[in-house]
Amino acid sequence: LAAAPDLQQWWRFITPIFIHFGLMHLAFNALWYWELGRRIEIRSGSLWLFGLTLLFALVSNTAQWLVSGSTALFGGLSGVLYGLLGYCWLYQLILPNVHFDLPKGVVVMMLAWLVLCLSGVVTMLGFGAIANAAHVGGLVIGCICGVAAGGVQRWVRGRA
């Protein structure tokens with residue numbers, strides 16, 4: 001593992017979400033952020049979406065940094081996107097609502113893409129290095145948050 005980052009430069013754990021490697025990378029990330037983020041924003045508000053975005057960025061970028069080290073260059077919003085996916089997906093399983101009801105094909109496609117990236121095929125085909133640890137870290141923290149938030153809301157509704 002690389003040496004610990006300078007904690008006085010805390011923003012380095014967030015700023016990779018603003019770095020993109022080409023117009024297509026930015027376009028696809030923006031499209032998925034709009035699609036997944038608007039669901040959360042409509043249901044829970046802009047501040048909640050902002051908080052989740054920061055949390056998912058922090059966790060996914062830290063995971064990638066731990067795997068690739070402090071000298072690696074990585075960027076993109078994909079870790080956050082996998083976090084939003086996991087959040088909507090598991091929240092919906094625990095407490096169904098119209099806003100988080102993703103088409104099953106979206107979940108399957110995103111998870112299949114994750115497996116394809118983890119396999120190394122995407123990198124081998126020349127699409128560049130993939131920040132797999134950021135993707136997995138984002139998905140894990142998103143699933144945890146989706147279970148927690150959905151569970152709390154289900155408990156609150158059960159008491160009412």
Side-chain angles (χ1 to χ4, degrees), residues 9-67 73-118 122 127-160:
Q9 297 180 355
W10 55 268
W11 59 86
R12 292 180 183 261
F13 290 103
I14 305 295
T15 54
I17 68 172
F18 301 111
I19 299 169
H20 287 81
F21 304 105
L23 190 57
M24 289 303 288
H25 186 211
L26 177 61
F28 277 107
N29 277 201
L31 172 70
W32 282 111
Y33 191 80
W34 175 76
E35 177 59 40
L36 297 168
R38 73 184 171 96
R39 294 169 180 273
I40 295 169
E41 186 176 28
I42 289 168
R43 170 72 175 78
S44 304
S46 300
L47 193 56
W48 188 255
L49 175 60
F50 180 70
L52 288 177
T53 299
L54 290 179
L55 175 63
F56 297 165
L58 179 65
V59 171
S60 64
N61 291 331
T62 300
Q64 188 62 43
W65 175 79
L66 288 170
V67 169
L73 176 64
F74 58 93
L77 199 55
S78 301
V80 171
L81 298 177
Y82 273 101
L84 298 177
L85 175 76
Y87 183 87
C88 290
W89 179 31
L90 290 188
Y91 190 114
Q92 174 68 15
L93 289 177
I94 292 171
L95 186 65
N97 72 76
V98 67
H99 302 296
F100 295 168
D101 190 18
L102 297 169
K104 288 188 183 2
V106 167
V107 176
V108 169
M109 188 268 311
M110 293 283 283
L111 295 177
W113 178 252
L114 179 62
V115 170
L116 195 62
C117 289
L118 287 168
V122 175
F127 289 102
I130 305 296
N132 290 317
H135 294 173
V136 173
L139 182 62
V140 169
I141 190 63
C143 288
I144 290 169
C145 289
V147 166
V152 166
Q153 285 299 312
R154 186 174 181 158
W155 181 76
V156 167
R157 286 189 184 176
R159 294 187 50 146

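In what follows, every heavy atom counts, from backbone to side chain, and hydrogens, waters and symmetry copies are set aside.
Contact detail for F56 and C145: the closest heavy-atom pair is CE2-SG, 3.9 Å. Between G146 and I94, the shortest heavy-atom distance links the atoms O-CD1, 4.4 Å. For the residue pair L90 and C143, the shortest heavy atom distance occurs at CD1-CB, 3.2 Å.
A donor-acceptor pair under 3.5 Å is formed between the side chain of Q64 and the backbone N or O of A133. Distance alone, capped at 3.5 Å, places no donor-acceptor pair between the Y33 side chain and the V80 backbone. Put simply, the side chain of R39 gets close to the backbone of H99: a donor and an acceptor are under 3.5 Å apart. Side-chain atoms of Q92 never come within 3.5 Å of backbone atoms of L102 as a donor-acceptor pair (strictly under, hydrogens ignored).
The distance from the CG atom of L81 to the OG atom of S60 is 9.0 Å, given to the nearest 0.5 Å. The CG atom of L31 sits 10.0 Å away from the CE atom of M24 when rounded to the nearest 0.5 Å. To the nearest 0.5 angstrom, L139 atom CG is 12.0 Å from S78 atom OG. The distance from atom NE2 of H135 to atom CD1 of I130, rounded to the nearest 0.5 Å, is 6.5 Å. If you take CE on M109 and CG on L85, they are separated by 8.5 Å, rounding to the nearest 0.5 Å. Atoms CD and OG1, on E41 and T53 in that order, are 9.5 Å from each other to the nearest 0.5 Å.
Heavy-atom contacts from other residues, nucleotides or ligands closer than 6.0 Å to CZ of R38 number more than 12.
Proximity of F74 to N61: side-chain heavy atoms (C-beta onward) are separated by under 4.5 Å at one or more points. You'll find the side chain of F21 stays beyond 4.5 Å of the side chain of L26, heavy atoms only. Using a 4.5 Å heavy-atom threshold, the side chains of W89 and L111 count as touching. Looking only at side-chain heavy atoms (C-beta outward), W32 and V106 come within less than 4.5 Å of each other. Residues L36 and I40 form no side-chain contact, since every pair of their non-hydrogen atoms from C-beta on lies 4.5 Å or further apart. With contacts defined as side-chain heavy-atom distances shorter than 4.5 Å, the pair D101/P96 does not qualify.
Pairs passing the side chain to side chain donor-acceptor pair (under 3.5 Å) check and including a residue from residues 19-29, sequence neighbours excluded, read H20-N29.
The aromatic rings of Y91 and F100 lie perpendicular to each other, with more than 60° between the two planes, well past the 30° mark.
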Working for side chain to side chain contact (heavy atoms under 4.5 Å, CB included), residues V122 and W113: CA-CA 9 Å; V122 175; W113 178 252; 3.8 Å; yes
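Among residues two or more places apart in sequence or in another chain, the side chain to side chain contact (heavy atoms under 4.5 Å, CB included) test is passed with T62 by F13, L58, L66.
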